[in-house]
Amino acid sequence: MVDAVVDWFAVEGRDLPWRHEGVSAWAILVSEVMLQQTPVVRVLPRWQEWMERWPSPAALADAPTAEVLRCWDRLGYPRRALRLQECARAIVREHGGEVPRGEEALRALPGIGEYTAAAVTAFAHRGRAVVVDTNIRRVLARSVRGRALPDRSYSAAERGLATRSLPGQRERSVAWNAAVMELGALVCTARSPRCAHCPLADNGCAWFAAGRPAPVEDTRRRQAFEGTDRQMRGRIMALLRRDGTATAEQLLALDEEDAPRVHRCTASLVSDGLAVPEGEGLRLP
DNA sequence: AACTCGGGGGT
DNA sequence: ACCCCAGAGTT
């Protein structure tokens, strides 16, 4: 199974810039943070711009935070941009400006969790690490467990499955991680998997062998986006990216029928460090 | 374990 | 309309 997926990747894998030879560990770390919950196609232009502007942790550490937030643009979850700058400063302060090796040291950095620490270890340092992202979870759920989709929550059992699936040899584990993630992104997709083009169909995939049974019904309904604090925070940040400041009148105009929501959201943005009070309004930090 | 946290494109 | 996307941090 490993060879089938790795061979498939050699032919069909995308030519993404952060996979190029000689790309720094910092550049890869930045790509991984940007890719947290954000699709590749939207990350590409922002990553290119960030790498030209801030090619090292020291460069980002010295940047004005307002500019960092502006260049984050609409990647979403702007707290990631804040943490990325904190991460750069921690790398300068505690690691001499070099991205540290080892998942424990990486996890200690702001904005770096289990996935990103493993991904930087595997893709930047080419070390053996158990990488588990949404793509790998889905490929393993299907190919090994015979399920249409992974469980909603990520369990210790699932991590164990990923650990057992990882090749023991270092170089092989590096190739497997990249290849299986790409397979999940291009072929073993959530919606309409392209089993006709999959190296695992008829070659060990338990879900395909079982006739692609439908997913078990998930009764939980997702929170609507319209009318949420998340949407309001996004609107406020868009205003701040455009003008650098927002007056009280501009803020209240975002929802004339729910002033408490506007106040709640401005307060939470200030609390997060994404905005600073200025008079009755806000400005970028 | 359950919540919050953006934004946009595919279906 | 709804779903999903190389998750992290907090409660």
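Chain identifiers are assigned alphabetically (A, B, ...) following the order of the sequence lines, protein sequences preceding nucleic acid strands; residue numbering begins at 1 within each chain.
- Under the 4.5 Å side-chain contact rule for hydrophobic residues, A/Trp50 and A/Leu69 do not share a cluster.
- Note: the hydrophobic cluster containing A/Val132 does not contain A/Leu149 (ILVMFWY, side chain heavy atoms under 4.5 Å, direct or indirect links).
- The interatomic distance linking A/Met232 (CE) with B/dG7 (C1') rounds to 16 Å, in whole Å.
- Ion pairing of A/Asp3 with A/Arg172 is present here, as a side-chain N (NZ or NE/NH1/NH2) and a carboxylate O approach within less than 4.0 Å.
- Where A/Arg233 and A/Arg191 meet DNA chain B, the nucleotide closest to each residue was compared, and A/Arg233 sits on the side nearer the 5' end.
- With P as the reference atom, B/dG8 and C/dA8 are 23 Å apart, rounded to whole Å.
- Regarding A/Ile136, its CD1 atom lies at a distance of 11 Å from the P atom of C/dA6, rounded to whole Å.
- At the phosphate of B/dA1, neither OP1 nor OP2 sits under 4.0 Å from any side-chain N or O atom of A/Ser153.
- Of the N and O atoms on the side chains of A/Arg230 and A/Tyr77, at least one donor lies less than 3.5 Å from an acceptor on the other residue.
- Contacts of A/Ala190 with the nucleic acid, taken as non-hydrogen atoms under 4.0 Å apart, involve only primed sugar atoms and P, OP1 or OP2.
- Ranked by how close their nearest DNA chain B nucleotide is to the 5' end, A/Ser192 and A/Arg235 are led by A/Arg235.
- Whole-Å rounding puts the A/Asp229 CG to B/dG7 P distance at 13 Å.
- A side-chain contact (heavy atoms from CB on, under 4.5 Å) with A/Val139 is found for exactly one of A/Cys188, A/Ser165, A/Cys205, namely A/Cys188.
- The CZ-P distance, from A/Arg138 to C/dG7, rounds to 10 Å in whole Å.
- Scanning atom types as modelled, one donor and one acceptor separated by under 3.5 angstrom connect the side chain of A/Arg230 and the base of B/dG6.
- A gap of 14 Å separates the C1' atoms of B/dC5 and C/dC5, to the nearest Å.
- For DNA chain B, the residues of residues 32-48 of chain A within the heavy-atom distance limit of 4.0 Å (strictly under) are A/Gln37, A/Thr38, A/Pro39, A/Arg42, sorted by number.
- Salt bridge status for A/Arg235 with A/Asp255: absent, with no side-chain N to carboxylate O gap under 4.0 Å.
- Remark: A/Arg126 CZ is loosely packed, at most 12 non-hydrogen atoms of other residues, nucleotides or ligands lying under 6.0 Å away.
- Using a 4.0 Å heavy-atom distance criterion, A/Leu16 is classed as a base contact.
- At least one donor-acceptor pair closer than 3.5 Å links the side chain of A/His125 to the backbone N or O of A/Pro100.
- The environment of A/Glu171 atom CD is dense: over 12 non-hydrogen atoms of other residues, nucleotides or ligands sit within 6.0 angstrom.
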Steps toward side chain to side chain donor-acceptor pair (under 3.5 Å) verdict (A/Thr245, A/Glu278): CA-CA 8 Å; A/Thr245 62; A/Glu278 183 172 63; 5.2 Å; no
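- At a threshold of 4.0 angstrom between heavy atoms, the contacts of A/Arg19 include nucleobase atoms, whether or not backbone atoms are also involved.
- Between the CH2 atom of A/Trp72 and the P atom of B/dG6 there is a distance of 12 Å, rounded to whole Å.
- Using the Watson-Crick or G-U wobble rule with both distances under 3.5 Å, B/dG6 pairs with nothing in any strand shown.
- Comparing the C1' positions of C/dC4 and B/dG6 gives an interatomic distance of 13 Å, to the nearest angstrom.
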With side chain to side chain donor-acceptor pair (under 3.5 Å) as the criterion, how do A/Arg46 and A/Thr38 come out once you've worked through the C-alpha distance, each side chain's angles and the decisive distance to 0.1 Å? CA-CA 12 Å; A/Arg46 295 284 76 77; A/Thr38 305; over 6 Å; no
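- Atoms CG (A/Leu239) and P (B/dG6) sit 15 Å apart, rounded to a whole Å.
- Rounded to an integer number of Å, the gap from A/Leu29 CG to C/dG7 C1' is 13 Å.
- If you check the side chains of A/Tyr115 and A/Gln36, you find no donor sitting under 3.5 Å from an acceptor.
- OP1 or OP2 of B/dG8 sits under 4.0 Å from a side-chain N or O of A/Arg74.
- Proximity of residues 247-276 of chain A to DNA chain C (heavy atom under 4.0 angstrom from any strand atom) is not detected for any residue.
- The shortest distance between the side-chain N/O atoms of A/Thr116 and the OP1/OP2 oxygens of C/dA8 is below 4.0 Å.
- Rounded to an integer number of Å, the gap from A/Tyr154 OH to C/dG7 P is 12 Å.
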Each nucleotide N or O in nucleotides 9-11 of chain C that has a protein N or O under 3.5 Å away: list the pair and distance.
unit_1 : atom_1 : unit_2   : atom_2 : d
C/dG9  : OP1    : A/Gly111 : N      : 2.6

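- Ion pair A/Glu86/A/Arg89 not flagged as a salt bridge, since none of the NZ, NE, NH1 or NH2 atoms sits closer than 4.0 Å to an Asp/Glu carboxylate oxygen.
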